[in-house]
Q: 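Supplied in structure tokens, the structure appears directly below.
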Protein chains: 2
Amino acid sequence: MPVETLNEEGTVAVTIRDVARASGVHISTVSRTFSAPHLVNPETRSRVLATAEQLGYRPNRAARALITGRTHNIGLIVADIANPFFPPLIKAAETHARRRDYHVFVADTDEDPIVEAELVQALAKQVDGILLCSPRMTDDQIELLRREVPLVVINRMITGLPAVVMDVGQGARSAVRHLLDLGHRHLVYLSGPRGSWTNREIRRAAGATARAAGAELTVLGPHQPVTAAGAAAAGAVLATGATGVLAYNDLMAIGLLQALQDRHVPVPGQVSVVGIDDIAASELVRPQLTTVANPTAAAGRAAVDMLLQQGDDGSTAQINLHTDLVIRNSTGPGPFLPAGATTAEVAAYVKE
Amino acid sequence: MPVETLNEEGTVAVTIRDVARASGVHISTVSRTFSAPHLVNPETRSRVLATAEQLGYRPNRAARALITGRTHNIGLIVADIANPFFPPLIKAAETHARRRDYHVFVADTDEDPIVEAELVQALAKQVDGILLCSPRMTDDQIELLRREVPLVVINRMITGLPAVVMDVGQGARSAVRHLLDLGHRHLVYLSGPRGSWTNREIRRAAGATARAAGAELTVLGPHQPVTAAGAAAAGAVLATGATGVLAYNDLMAIGLLQALQDRHVPVPGQVSVVGIDDIAASELVRPQLTTVANPTAAAGRAAVDMLLQQGDDGSTAQINLHTDLVIRNSTGPGPFLPAGATTAEVAAYVKE
DNA sequence: TAATCTGTTGCAAACGTTTGCCGAAAACGG
DNA sequence: CCGTTTTCGGCAAACGTTTGCAACAGATTA
């Protein structure tokens with residue numbers, strides 16, 4: 001009776017060797033049955049598969065990783081799992097990766113660039129690549145890290161680095177144009193965290209669009225991308241005298257909405273607010289938030305594909321995903337129009 | 001000149017062997033420097049550490065896993081990452097695990113018990129244990145799977161299995177008592193998904209509490225735990241004539257809130273609504289949701305600890321975490337009381 | 001019929017660690 | 001100063017795979 005090693009659960013650990021013995025072939029044949037089926041006789045193959053199935057054999061990924069150098073794992077690093085912007089992306093990436101037989105490590109940096117770098121380092125040797133989501137590091141740091149592990153960046157553009165971005169510049173332009181169309185002439189941009197590429201893009205696009213229309217745009221910030229920061233900014237927003245606000249993300253916009261409500265400032269009667277992301281909650285608050293919808297799920301899937309194809313060629317494509325302005329109830333006509341004016345009336349007014 | 005193997009990034013893969021050669025010791029000494037430092041002379045140790053640092057050596061976890069049988073990874077399986085109940089738990093578990101030098105695979109079952117079982121199987125050989133969050137499988141299935149991999153269950157009680165539960169029964173009792181105290185005599189429980197242990201606990205506790213007070217409790221469901229289901233149930237809720245509603249979770253409660261608002265049913269004027277979970281959005285909607293706060297972050301940390309200690313002894317502890325009723329604005333006096341009655345007045349009335 | 005090719009399998013050397021065992025040297029006790 | 005213990009470090013065998021190479025049989029070609 002052969003000595004079987006028991007694993008910690010007290011069951012027999014069945015290896016390639018057991019399958020080989022039971023089906024009367026060499027272990028290499030068993031190995032090939034799984035990793036290069038076309039190299040083994042169909043008859044033998046089915047016999048091996050049958051005994052493997054019967055014995056409950058599962059390939060040991062550590063052993064496989066050791067020799068092939070591919071772990072079949074990928075890392076996904078986000079700023080804050082609890083920020084509702086990320087879960088749909090995580091979910092999509094995870095599901096997509098699993099379909100390709102990859103598993104996903106998810107890690108959270110708490111918006112801290114130092115933690116971010118450490119995490120990449122820690123994960124580097126254990127994954128085939130990392131998806132860096134809205135990184136807060138500098139471009140230089142990222143350049144350094146990409147030498148240790150294949151990287152795909154989401155929501156940031158760095159020359160020479162494969163990236164998936166949601167076209168937040170275009171989104172910001174639509175949002176600002178929407179506010180201008182409604183007759184607002186003085187706008188505020190509630191700026192997001194320092195180090196965010198997205199934040200720079202939005203500010204630039206919003207500024208350019210406002211300037212082109214001869215409107216004024218005041219930038220407030222930087223802020224942490226959370227509701228509390230949006231709420232805290234309410235006073236400053238009102239102090240500017242602006243009537244239209246674009247926020248870095250929906251959380252901040254919602255926080256602002258709440259604070260304005262608490263101060264009995266009518267929205268959109270006195271101030272119009274636009275968010276970015278279209279998180280689930282933006283439909284749940286009242287007034288419902290006008291916002292720029294980001295295709296986060298598509299971005300997650302695209303990023304996984306880019307990462308897995310990266311080895312094949314030296315291509316460093318950059319994908320730019322389209323964003324959509326979703327108009328809800330937090331935006332309305334500017335202050336010098338009759339409060340009840342419809343969009344059509346406003347459009348007519350503006351054209352005059 | 002020795003031949004160095006290059007990894008896919010084109011940099012040299014530095015192994016224990018390189019460190020050994022560079023510091024003039026045997027590889028076993030290098031190994032021990034990292035995995036059993038007390039067995040090596042402090043002087044040698046620091047020399048090895050220095051060269052390791054200088055060469056940029058990182059232990060290969062696959063090789064380590066292969067020989068020790070421990071991967072230093074854990075799996076975390078949740079029903080739906082996009083359900084805001086889970087992210088705080090995931091985040092806490094991940095951070096806590098990382099502090100103990102473990103990495104976390106996160107996977108999503110889409111509320112499907114079949115996917116759930118497959119995921120456990122797929123992850124089993126690649127992790128040291130799995131955290132099963134609010135599983136939808138049957139007890140038997142879970143019993144079967146625990147033989148393949150150490151398991152800790154969250155939000156479910158199965159005899160003999162280590163578990164962390166949030167005391168949702170107690171939460172439901174507080175919630176129902178709160179509604180009864182406000183003078184509501186006919187309540188509805190908006191039931192959650194089939195297969196949810198939590199759902200059974202809530203229903204049982206709510207039913208018992210209502211019965212003990214001689215009040216009526218109608219159970220509606222099962223439902224998917226999403227806002228749409230809560231909204232869709234609005235008609236049925238009103239049809240029962242009940243004035244107090246307890247929902248399986250906040251998402252459903254919020255959905256219901258929206259639908260009632262659309263029908264111009266005043267909340268809490270005509271109907272009071274209580275949720276469970278205390279997700280971030282429950283504070284953002286208007287009226288703000290009265291709900292049972294679950295200590296999800298604490299649960300995540302506790303579960304990680306249990307899983308990592310599990311090997312040490314055969315203990316299968318079950319931790320029961322306290323929940324808290326958070327009273328906000330979605331609950332108010334029952335219909336036969338003056339609409340503006342304060343809580344104190346209500347209490348007085350009920351006592352009479 | 002000999003030479004070549006093709007398809008299938010076995011052999012054995014890796015991959016980068018950990019760890020039980022053993023010997024050498026140092027420290028200790030009497 | 002001798003015997004015993006302790007500390008330290010080397011040796012080599014694992015762990016479960018993959019994969020280049022070689023062997024062999026049968027089919028194909030010239």
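What you see below is based on every heavy atom in this structure, not just the backbone, and it leaves out hydrogens, waters and symmetry mates.
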Q: Looking at D:dG9, I'd like to know if its phosphate oxygens (OP1 or OP2) sit under 4.0 Å from a side-chain N or O belonging to B:His26.
A: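 Checking D:dG9 against B:His26, no side-chain N or O comes under 4.0 Å of OP1 or OP2.
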Q: Base, sugar-phosphate alone, or nothing: which one does B:Arg61 contact when heavy atoms must sit under 4.0 Å apart?
A: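 The answer is nothing, as B:Arg61 stays clear of every strand by at least 4.0 Å.
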Q: Tell me the interatomic distance from B:Leu39, atom CG, to C:dG20, atom P, rounded to whole angstroms.
A: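 In whole Å, C:dG20 P and B:Leu39 CG are 10 Å from each other.
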Q: Taking A:Gln126 as the fixed residue, which of B:Asn73, B:Asn60, B:Thr71 is the one that meets the side-chain hydrogen bond (donor to acceptor under 3.5 Å, both in side chains) rule?
A: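 Among B:Asn73, B:Asn60, B:Thr71, the one meeting side-chain hydrogen bond (donor to acceptor under 3.5 Å, both in side chains) with A:Gln126 is B:Asn73.
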Q: Please determine, for the side chain of A:Tyr57, which listed nucleotide (D:dG9, D:dT17, D:dC15) has the closest atom?
A: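 Of the options given, the side chain of A:Tyr57 lies nearest D:dT17.
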Q: Using the side-chain heavy atoms of B:Ser28, tell me which of these nucleotides is nearest: D:dC11, C:dT18, C:dG10.
A: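 Looking only at heavy atoms from C-beta outward on B:Ser28, the closest nucleotide is D:dC11.
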Q: Write down the distance between NZ (A:Lys125) and P (C:dT17), rounded to a whole number of angstrom.
A: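 After rounding, the gap between these two atoms is 10 Å.
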Q: From CD1 of B:Ile27 over to P of D:dA12, roughly how many Å is that when rounded to an integer?
A: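 One finds 11 Å between P of D:dA12 and CD1 of B:Ile27, rounded.
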Q: Scan B:Leu132, B:Asp139, B:Thr138 and name whichever one has a side-chain contact (heavy atoms from CB on, under 4.5 Å) with B:Pro135.
A: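 Result for side-chain contact (heavy atoms from CB on, under 4.5 Å) with B:Pro135: B:Leu132.
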Q: Over how many whole Å does the gap from B:His38 atom NE2 to D:dT7 atom P extend?
A: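 In whole Å, D:dT7 P and B:His38 NE2 are 10 Å from each other.
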Q: Quickly work out the B:Asn41 CG to C:dA25 P distance and round it to whole Å.
A: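 From B:Asn41 CG to C:dA25 P: 15 Å.
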Q: Are A:Thr44 and C:dT9 close enough that a side-chain N or O sits under 4.0 Å from OP1 or OP2?
A: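 For C:dT9, OP1/OP2 do have a side-chain N/O of A:Thr44 under 4.0 Å.
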Q: How do A:Asn60 and B:Thr29 order along DNA chain D: which one's closest nucleotide is nearer the 5' end?
A: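 Here B:Thr29 is the residue nearer the 5' end.
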Q: Among B:Ile77, B:Val78, B:Val152, B:Asp80, whose side-chain contact (heavy atoms from CB on, under 4.5 Å) with B:Cys133 holds?
A: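 In the set B:Ile77, B:Val78, B:Val152, B:Asp80, the residue that makes a side-chain contact (heavy atoms from CB on, under 4.5 Å) with B:Cys133 is B:Val78.
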Q: Write down the distance between NE2 (A:His72) and P (D:dG16), rounded to a whole number of angstrom.
A: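 After rounding, the gap between these two atoms is 20 Å.
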Q: Nearest whole Å is fine: how far is D:dA14 C1' from B:Arg64 CZ?
A: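 Rounded to the whole Å, the gap is 17 Å.
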Q: So, does the side chain of A:Arg58 form a donor-acceptor pair with the base of D:dG16 at under 3.5 Å?
A: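 A donor-acceptor contact between them is absent.
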Q: Charged N to carboxylate O under 4.0 angstrom, A:Arg98 versus B:Asp108?
A: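 No salt bridge links A:Arg98 with B:Asp108.
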Q: Quiz question: going by heavy-atom distance under 3.5 Å, is there a donor-acceptor pair between the base of D:dG10 and the side chain of B:Arg32?
A: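 It does, because a donor-acceptor pair links the side chain of B:Arg32 to the base of D:dG10 below 3.5 Å.
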Q: With sugar-phosphate meaning primed atoms plus P, OP1 and OP2, does B:Ser31 contact a base, only sugar-phosphate, or nothing at under 4.0 Å between heavy atoms?
A: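 Base contact.
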Q: Mind listing the side-chain donor-acceptor pairs of residues 47-54 of chain B below 3.5 Å, one per line with the distance, residues two or more places apart or on another chain?
A:
{"residue": "B:Arg47", "atom": "NH1", "partner": "B:Ser23", "partner atom": "O", "Å": "2.6"}
{"residue": "B:Thr51", "atom": "OG1", "partner": "B:Arg47", "partner atom": "O", "Å": "3.4"}
{"residue": "B:Thr51", "atom": "OG1", "partner": "B:Val48", "partner atom": "O", "Å": "2.9"}

Q: What is the distance, to the nearest angstrom, from the CD1 atom on A:Ile67 to the P atom on D:dT17?
A: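 Nearest whole value for this atom pair: 11 Å.
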Q: Please classify the nucleic acid contact of A:Arg45 as base, sugar-phosphate, or nothing, using heavy-atom distances under 4.0 Å.
A: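 Nothing, no nucleic acid heavy atom in range.
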